[in-house]
A.B. asks: 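Shown below is the structure under consideration.
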Amino acid sequence: MTEVKLEDIVSLAKRRGFIYPGSEIYGGLAGTYDYGPLGIALKRNITNLWWKMFVEDREDMYGIDSTIVMNPDVWVASGHVATFNDPLIEDVKTKKRYRLDHLLEEQGVEDVDAMTLEQMAQVIKDRRLKSPDGNELGAPAQFNMMFKTHVGPVEDDDSVAYLRPETAQGMFTNFKNVVDSFYPDLPFGLAQIGRSFRNEISPGNFIFRLRELEIMELEYFIHPGDWEGIFDAWLAAQHEWFEKLGLDASRIKEHEVPEADRAHYSKRTVDCFYDFPSLGFSELAGLAYRTDFDLKSHQEHSGKNLEYRPKDGGEAFVPHVIEPTFGLDRHVMAVLSNAYTEDEVNGEKRIYLKLPAHLAPVKVAVLPLAKNKPELVAKAREVYAMLKKELGSVMWVDTGNIGKNYRKMDEIGVPYCVTVDFDTLEGETAGTVTVRHRDTTEQKRVTIESLTKELRGHE
RNA sequence: GCGGGUGUCGUAUAGCGGUUAUUAUCCCAGUUUUCCAAACUGGUGAUCGGAGUUCGACUCUCCGCACCCGCACCA
């Protein structure tokens with residue numbers, strides 16, 4: 001089998017209504033993609049499954065939904081105002097770009113973090129600093145990864161606000177509220193699914209790096225003494241999640257992030273990679289032990305007490321947190337990539353999406369064997385109406401010929417096709433239909449009464 | 001943001017300073033068809049956007065936009 005390319009997935013996603021380029025009729029907008037009818041159905045199935053597994057099926061989880069625009073002080077406390085602002089500078093000759101602050105630190109310049117862009121530029125001038133390749137440096141430029149906006153009608157410095165670059169902070173800012181409302185025992189977690197915005201310097205690779213993205217995230221609050229065992233339990237939970245999505249275990253890889261690459265407050269971080277077509281192993285999810293950095297920082301900046309007082313009368317303390325993060329758009333891309341399959345049927349190449357039935361945007365298609373036989377169409381319509389009522393996402397298909405329709409349904413990953421033929425109408429087999437399986441193309445004849453049960457049985 | 005490349009129906013493509021803008025496929029309608037992209041007929045649908053050069057621009061020039069590759073970035 002030839003190697004699957006990302007462009008094959010992109011092409012199918014567009015052609016069949018999963019994912020379209022954003023603002024396409026106006027020439028597009030870099031880093032944005034829109035979900036079409038099948039794409040949103042697939043995405044919903046993923047988020048519903050996630051919410052069920054990580055929130056509804058557990059006793060220690062609390063879902064929340066916080067705002068995208070928050071008090072700007074949140075981003076000061078989180079460190080984003082400082083760290084999402086990267087000063088960059090260019091080697092005039094090689095056109096390579098460098099982090100200006102890193103460059104200055106390497107040159108032994110002190111207190112770089114406290115300097116303004118102008119001050120850094122002055123240092124370069126005064127010391128006549130060159131690039132690592134020994135060339136002249138251009139003018140420095142500031143890159144802010146956070147989207148800015150203004151709250152209220154006046155656009156001045158006092159009204160600046162940011163679109164959140166992650167969902168985590170909304171959970172930290174609501175930590176006290178949830179404790180006050182429910183007083184859960186430790187450990188417990190908050191969960192959120194939502195949009196985030198990052199003004200990426202270079203978005204791309206389809207929906208892998210977007211400027212507007214969705215994140216499924218948990219903040220799990222713990223006693224610091226328990227972190228190692230709980231961290232391992234979350235690693236196991238992530239793998240269970242990937243299994244539920246039907247992702248091939250051979251395409252999943254864990255990456256233990258070494259200390260040098262970790263945020264200074266994190267004691268352990270493990271990234272989960274998926275082997276995407278064309279990209280190779282790239283980040284799909286992450287698990288980080290963030291200690292008490294976030295709550296402590298918010299406590300300091302807000303002046304509010306964010307300690308947790310154990311019910312057994314023990315001493316109050318700021319809980320530590322373990323954070324499992326899942327990139328939703330990347331999950332959609334992984335599920336699509338994992339499902340994309342080419343095989344041969346009767347010597348013809350067949351492309352189909354081997355989506356797990358519980359994730360498929362359309363569960364069942366109903367087809368009359370021939371569309372110009374009114375009695376077949378009428379009976380098929382009856383079956384369709386019945387299934388639609390009971391199963392929801394059922395599709396009616398009566399264009400072209402039967403083989404063509406099967407292929408069409410294969411390509412959008414419909415697991416089962418129900419066909420009404422002449423045997424449905426008369427003889428010993430009256431009242432039966434065939435159920436065709438997507439992956440094997442094999443058919444089974446069942447009675448219409450047992451159809452729902454038959455189709456549900458495979459989920 | 002920099003350097004290089006690319007941009008024609010949904011997809012894949014042909015072509016040309018003056019065309020009714022090619023072909024295949026997909027899609028839609030009809031005929032046909034008793035199970036895996038059959039056949040026939042008809043139909044919708046494109047020169048990324050904006051300026052400029054020219055009598056005339058899809059074609060040449062400039063500016064923008066998007067995508068791809070590389071650099072850098074990815075807390």
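Naming: A, B, ... by sequence-line order, numbering from 1 per chain. Since the structure is predicted, the reported quantities are computational estimates derived from the model, not experimental observations.
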A.B. asks: Consider the side chain of A:N372, meaning its heavy atoms from C-beta on, and name the nucleotide among B:A66, B:U33, B:U11 that approaches it most closely.
C.D. replies: B:U33

A.B. asks: So, using salt bridge (charged side-chain N to carboxylate O under 4.0 Å, His left out) as the criterion, who are the partners of A:R209 when residues are at least two apart?
C.D. replies: A:E200

A.B. asks: Can you check the A:D329 CG to B:C74 P distance for me, whole Å?
C.D. replies: 21 Å

A.B. asks: So what does A:G31 hit on the nucleic acid, given a heavy-atom distance under 4.0 Å: a base, only sugar-phosphate, or nothing?
C.D. replies: sugar-phosphate

A.B. asks: Provide the distance between the two P atoms, one in B:A66 and one in B:A29, to the nearest whole Å.
C.D. replies: 37 Å

A.B. asks: Rounded to whole Å, how long is the line connecting atom CZ of A:R211 with atom P of B:C65?
C.D. replies: 11 Å

A.B. asks: For residues 270-279 of chain A, dump all side-chain donor-acceptor pairs below 3.5 Å to protein atoms at least two apart in sequence or in another chain.
C.D. replies:
from: A:Y274; atom 1: OH; to: A:R251; atom 2: NH1; distance (Å): 2.8
from: A:Y274; atom 1: OH; to: A:N338; atom 2: N; distance (Å): 3.4
from: A:Y274; atom 1: OH; to: A:N338; atom 2: OD1; distance (Å): 2.9
from: A:S278; atom 1: OG; to: A:L6; atom 2: N; distance (Å): 2.9

A.B. asks: In whole angstroms, how far is the P atom of B:C73 from the CD atom of A:E283?
C.D. replies: 17 Å

A.B. asks: Could you tell me whether A:K5 contacts a base, only the sugar-phosphate backbone, or nothing, with contacts defined as non-hydrogen atoms closer than 4.0 Å?
C.D. replies: nothing

A.B. asks: Can you work out whether A:L279 or A:G28 has the more 5'-proximal nearest nucleotide on RNA chain B?
C.D. replies: A:G28

A.B. asks: Using the side-chain heavy atoms of A:R198, tell me which of these nucleotides is nearest: B:A75, B:C69, B:C74.
C.D. replies: B:A75

A.B. asks: Quick one: side chains of residues 419-426 of chain A, donor-acceptor pairs under 3.5 Å with protein atoms, not counting sequence neighbours, listed by atom name and distance.
C.D. replies:
from: A:T419; atom 1: OG1; to: A:Y406; atom 2: OH; distance (Å): 2.7
from: A:D421; atom 1: OD1; to: A:D423; atom 2: N; distance (Å): 3.1
from: A:D421; atom 1: OD1; to: A:T424; atom 2: N; distance (Å): 3.1
from: A:D421; atom 1: OD1; to: A:T424; atom 2: OG1; distance (Å): 3.1
from: A:D421; atom 1: OD1; to: A:R445; atom 2: NH2; distance (Å): 3.2
from: A:D421; atom 1: OD2; to: A:R445; atom 2: NH2; distance (Å): 2.5
from: A:T424; atom 1: OG1; to: A:D421; atom 2: N; distance (Å): 3.0
from: A:T424; atom 1: OG1; to: A:D421; atom 2: O; distance (Å): 3.1
from: A:T424; atom 1: OG1; to: A:T432; atom 2: O; distance (Å): 2.8

A.B. asks: Which whole-number value in Å describes the distance from A:L376 CG to B:U33 P?
C.D. replies: 12 Å

A.B. asks: For residues 283-294 of chain A, pull every pair meeting salt bridge (charged side-chain N to carboxylate O under 4.0 Å, His left out), keeping only residues two or more places apart or in separate chains.
C.D. replies: A:R290-A:D294, A:R290-A:E323, A:D292-A:K296

A.B. asks: Taking the side chain of A:H80 as heavy atoms from C-beta outward, which of B:A66, B:A75, B:A29 is closest to it?
C.D. replies: B:A75

A.B. asks: Does A:F175 have any ring pair (Phe, Tyr, Trp, His ring centres under 6.0 Å) partners at least two apart in sequence or in another chain, and if so, which?
C.D. replies: A:F221

A.B. asks: Please state how far atom CZ in A:R209 lies from atom P in B:C74, giving the value in whole angstrom units.
C.D. replies: 10 Å

A.B. asks: Return the polar atom pairs (N/O with N/O) between nucleotides 4-9 of chain B and the protein under 3.5 Å, or none.
C.D. replies:
none

A.B. asks: Can a side-chain donor-acceptor contact be found between A:Q169 and A:H80 if the only test is distance below 3.5 angstrom?
C.D. replies: no

A.B. asks: Go through the structure and list residues passing side chain to side chain contact (heavy atoms under 4.5 Å, CB included) with A:T399, not counting sequence neighbours.
C.D. replies: A:N405, A:K408

A.B. asks: Report the residue from A:T434, A:I402, A:V433, A:V418 that forms a side chain to side chain contact (heavy atoms under 4.5 Å, CB included) with A:L367.
C.D. replies: A:I402

A.B. asks: Starting the side chain at C-beta, find the nucleotide from B:A75, B:U11, B:C69 nearest to A:E166.
C.D. replies: B:A75

A.B. asks: How far, in whole Å, is B:U25 from B:U61 if one measures between their P atoms?
C.D. replies: 35 Å

A.B. asks: Rounding to the closest angstrom, what is the interatomic distance between B:A12 and B:C26 at atom P?
C.D. replies: 15 Å

A.B. asks: Determine whether the aromatic ring centres of A:F326 and A:F54 lie less than 6.0 Å apart.
C.D. replies: yes

A.B. asks: Between B:A72 and B:U22, how many Å separate the two P atoms, rounded to a whole number?
C.D. replies: 47 Å

A.B. asks: For the P atoms, the ones on B:G56 and on B:U6, what distance do you get once it is rounded to whole angstrom?
C.D. replies: 28 Å

A.B. asks: Find the distance A:K371:NZ to B:U33:P and express it as a whole number of Å.
C.D. replies: 13 Å

A.B. asks: Should the side chain of A:S202 and the base of B:A72 be counted as holding a donor-acceptor pair, with the cut-off at 3.5 Å?
C.D. replies: yes

A.B. asks: Pick the P atom in B:A75 and in B:G50, then give their distance to the nearest Å.
C.D. replies: 40 Å

A.B. asks: My understanding is that only residues two or more places apart in sequence, or in another chain, count here; which of them pass side chain to side chain contact (heavy atoms under 4.5 Å, CB included) with A:D8?
C.D. replies: A:V4, A:K5, A:Y340

A.B. asks: Send over the distance from A:I19 CD1 to B:C67 P, rounded to a whole Å.
C.D. replies: 15 Å

A.B. asks: Base, backbone or nothing for each nucleotide of nucleotides 34-51 of chain B, written B, S, -, heavy atoms under 4.0 angstrom, 5' to 3'?
C.D. replies: BBBBB-------------

A.B. asks: Counting Watson-Crick and G-U wobble pairs whose two distances are both under 3.5 Å, find the runs of 3 or more in a row that involve RNA chain B.
C.D. replies: B:1-7 with B:65-71, B:10-12 with B:23-25, B:27-31 with B:39-43, B:48-52 with B:60-64

A.B. asks: Sequence neighbours left out, what passes side chain to side chain contact (heavy atoms under 4.5 Å, CB included) with A:V160? Give chain and number order.
C.D. replies: A:K148, A:H150, A:Y162

A.B. asks: Would you compute the distance between atom CG of A:L287 and atom CH2 of A:W234 and round it to the nearest 0.5 angstrom?
C.D. replies: 8.5 Å

A.B. asks: What interatomic distance, in whole Å, is found between P of B:G17 and the corresponding atom of B:C60?
C.D. replies: 9 Å

A.B. asks: Just checking A:D271: base, sugar-phosphate only, or nothing, at a heavy-atom cut-off of under 4.0 Å?
C.D. replies: nothing

A.B. asks: Going by atom type alone, with no hydrogens or angles, which donor-acceptor pairs under 3.5 Å involve a side-chain atom of residues 17-34 of chain A and a protein atom two or more places apart or on another chain?
C.D. replies:
from: A:E24; atom 1: OE2; to: A:K14; atom 2: NZ; distance (Å): 2.8
from: A:T32; atom 1: OG1; to: A:L29; atom 2: O; distance (Å): 2.8

A.B. asks: Rounded to whole angstrom units, what separation is found between the CG atom of A:D8 and the C1' atom of B:A12?
C.D. replies: 12 Å

